[in-house]
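Working notes for the structure below.
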Amino acid sequence: VNTTELIKLLAERQDISQRQAHRIVTRFFGLISEHLAAGSHVVLRGFGSFNTRDAPPREMRVPSTGETVQLPAARRVHFRASPKLRQALEEDEQS
Amino acid sequence: MSDTVHQGQITHEAASAEGLSQRVLKDAAGQILALIKEALIRDGHVRIHNFGTFRLRWVKAHRGVNPQTGEPVLVPAHPRALFAPAKALREAVENARDQARRSQPLPEAQPVPVLGVAASRLRTPTIVKRTRADAPSEGGSDLPEPTSSQNDPDQRSDERRRPWMALAFVAVIALLALLVFWPADHEHKQVVEAPAPDTIERPSTSSGSTVQPTGDEDDLSVAFTQSDQAMRQVVAASSGAEDALTPAAGTRGQSETAEGEWLLQAIDRPVRRSDGGSGPETLAAHVEPAATLPRSGQGAQTASASPGPAPTGPFFAGRDYQVVWGDNLWNLSGEHYVRPYYWPHIYNANQDRIRNPNLIRAGSHIRLPALYGHPDDLTGGDRRSIAEGYFLLYRLFKRRSDPNAVFALSAVSHFDKAVIQEHEAEIQASHGLEVELAENYGMRIGNRIFVANENIHFPTRLFD
C-alpha cells in the first residue's frame, strides 16, 4: 500500500473528498516529521512511537575493497510499535 | 515545548493549519493509523511518501533471557513491525541536528574560563544547555544568543547544588549495585540447585519425558561437532530407547536421564549436514530461479485447520507460509518450534501438499501448524502429531527400502507410543526386515551404542 491508496481509503471511510484526505495525510505526516526534526519523541497511541537516536561516528569496512572508511555521526529515526499494534499483528498473522 | 509530542497535539496543530475542526482531524488520524495497521497485516508493507515505509518481518524462534531474572526462555517466532524513514525525513532530521550543533559552540565556550572548574563538573551544565538550544529551533527560529544569556544564572545555581548531587548520585549508584548484584547471586544459587530434584523425579514419570536445558549443554554438545544426519537420527532414536529403559532401571535413573538430556540437546543444535543423503532433515527446497518469491504477503490466506488455542495460549499459534528458496522442513521447524527435530509436525499437517519431505518447492504454500505446548513440554496432541509425521517418514523409508526406517519408527515411539500400537499390523508385516536391519546395522558412535526401542519388537540387546 502506498500513499495514494491510503488517501483513497481514507476519503472513502471518512466521507471526505480525496483532495482533503490528501491534505490531511500530508499534513499529519509532515507534522510528525517536523517534531522529529526538532528532536521530540512522537507518540501515536495504540500504534507506536517515533524517536530520534544519535548514532556515534564509526569505522566501517567497504566489503568490496576492504578499505576502512569513517562514517560520520548520524541522527536516526527509530520507530517502536506499541504493544497493542504488536498484539494485533501477531493475532492476525496466526489466525 | 515538551519533549514528548502526543497524537492529540499533532491533530490539534494539523486542524489549525488546515482550518478544519479538530474532530475531523482526530477521526482522520485514528483512521490513518488503523489503515496502516490493516495494510501492514494484509500486504506486509506500507509506504508513505516523504515519510517512510512500515514493514512486517518475522523473527525466528530463538533462545532468550528474561532480563529481570536472567532465566533462559524460548522466544516463539513472532512478527515485528519495522520502520525505515524516507530520504526526506532522514535529511530533515539530519539538517535539524546540524543546525542545532552549529548554534551550540558559542554558549558552550563561555563558562569554562569564567568559573575555572574541573571539566568533569562541567558535564552537567553542557547537557542542560544542549536541550535548551534545541528547544527554540523546534519553533522554527534559530536564536542561540538569548539562550546563552539565560544559561548563566542557571548554571551558578547548578554549581552550588553540584556537590550534593554528586553525593546523591554516588549513593544511588551504590544502592542500585546492591540491588542488582545481591539478588542475582542469590537466584543463581537457586538455579544451580533446582535441576537436581527434577532429574530424580523424572524416572517415575515414565513416558512423560520432558527435556530441560541445563547449564552444561554447551560443553557436551562440542562432542557432536562432526555429526551427520545418520547420527542425528540415531540420537533421536536412542532418546526414545532411553525413555523406555528408565522406568525399568529404577535407581539408575539419574545418570540415564542426564545422558538423554544431552543427547537431545545435541540434536537440537542445527548441525551442518556433511553428505548428500536423503535423511529426513536434509529437506533442501527445490531451487527454481524463476520462483524466488518474497517472504512477505502470506498473512491474508485463511487457515483451514486450526483448533481453538489452549487456555494459556499456544507456544506458537500456527501460520500459513510460502516456501522461499533455501527453506527446508528441518530449519522451518527450528525457526518456529525451536527444536528442528519436530519437523514431522509440519510434514504431518501438510500430508496432501508435501509428497516428499526432502523436497519442498519454493513458492508453494504450506501450513505451519500450531505448537500448543512449550518445546520442552509438549502436549499430548503435539506429541501425537509429531509421532504421526515420523510414521509417515517410516512409510516413505519403507517404500524406498531405506534402512533408516528403523530410526523413524523409534522416533515415533519416542513421541507417542499409541501411534505404534495403531499401526502394529503394518509394522509387523515388515517386521523381518527391521530385525535384520537392527542386527546388521547396529549403530555405534564413539563409545556409545544405540539401538531401537524394545516396544517395537526390535532386538534391544546392544552389540559391538
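Residues A:L10 and B:Q31 form a side-chain contact, since some pair of their non-hydrogen atoms from C-beta on lies under 4.5 Å apart. Contact annotation: the side chain of B:V5 never approaches that of A:V43 to less than 4.5 Å [non-hydrogen atoms, C-beta and beyond]. Within the 4.5 Å cutoff, the side chain of B:R47 has no heavy atoms near those of the A:T3 side chain. In this structure, B:I48 and A:N2 have side chains that are not in contact, with every pair of non-hydrogen atoms separated by 4.5 Å or more. Side-chain contact check for A:I32 versus B:F51: some heavy-atom pair is nearer than 4.5 Å. Inter-residue side-chain proximity for A:D54 and B:R97 is flagged as met; some heavy-atom pair is nearer than 4.5 Å.
Other residues, nucleotides and ligands place no more than 12 heavy atoms under 6.0 Å from the NE2 atom of B:H49. Heavy-atom neighbours of A:H41 NE2 from other residues, nucleotides or ligands within 6.0 Å: above the threshold of 12. The 12-atom threshold is not exceeded at CZ of B:R55, counting heavy atoms of other residues, nucleotides or ligands nearer than 6.0 Å.
A:H35 NE2 to B:T4 OG1: the interatomic distance, rounded to the nearest 0.5 Å, is 11.5 Å. Distance check, rounded to the nearest 0.5 Å: NE2 of B:H6 to OG of A:S49 gives 10.0 Å. Atom CZ of A:R23 sits about 7.0 Å away from atom CG of B:L20, to the nearest 0.5 Å. Taking CG from A:L9 and CD1 from B:I36, the interatomic distance works out to 11.5 Å, rounded to the nearest 0.5 Å.
Contact annotation for B:L25: only side-chain heavy atoms (C-beta onward) come within less than 4.5 Å of a heavy atom of chain A. At a 4.5 Å heavy-atom cutoff, B:L368 makes no contact with chain A through either its backbone or its side chain. Contact of A:A73 with chain B is made through backbone and side chain together, with heavy-atom distances under 4.5 Å. The contact between A:T52 and chain B is made entirely by side chain atoms (from C-beta outward), counting heavy-atom distances below 4.5 Å.
Across all non-hydrogen atoms, the minimal contact from A:L89 to B:A81 is CD1-CB, 3.8 Å. Counting all heavy atoms, side chain and backbone alike, B:A17 lies closest to A:R27 at CB-CZ, 3.6 Å.
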From CA spacing to verdict: side chain to side chain contact (heavy atoms under 4.5 Å, CB included), B:L33, A:F28: CA-CA 11 Å; B:L33 298 179; A:F28 183 66; 4.3 Å; yes
Verdict with reasoning, B:L89 to A:F29, per side chain to side chain contact (heavy atoms under 4.5 Å, CB included): CA-CA 10 Å; B:L89 177 56; A:F29 289 108; over 6 Å; no
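The main-chain N or O of A:R45 is found under 3.5 Å from a side-chain atom of B:Q7 such that the two form a donor-acceptor pair. Using modelled atom types, no side-chain atom of B:E13 and backbone atom of A:L31 make a donor-acceptor pair closer than 3.5 Å.
Residues in residues 2-21 of chain A take part in these salt bridge (Lys or Arg N to Asp or Glu O under 4.0 Å) pairs, two or more places apart or across chains: A:R13-B:E38.
Salt-bridge check for A:R75 with B:E94: failed, with every basic side-chain N at 4.0 Å or more from each acidic carboxylate O.
Residues of residues 76-85 of chain A having a heavy atom under 4.5 Å from any heavy atom of chain B, listed by number: A:V77, A:F79, A:A81, A:L85.
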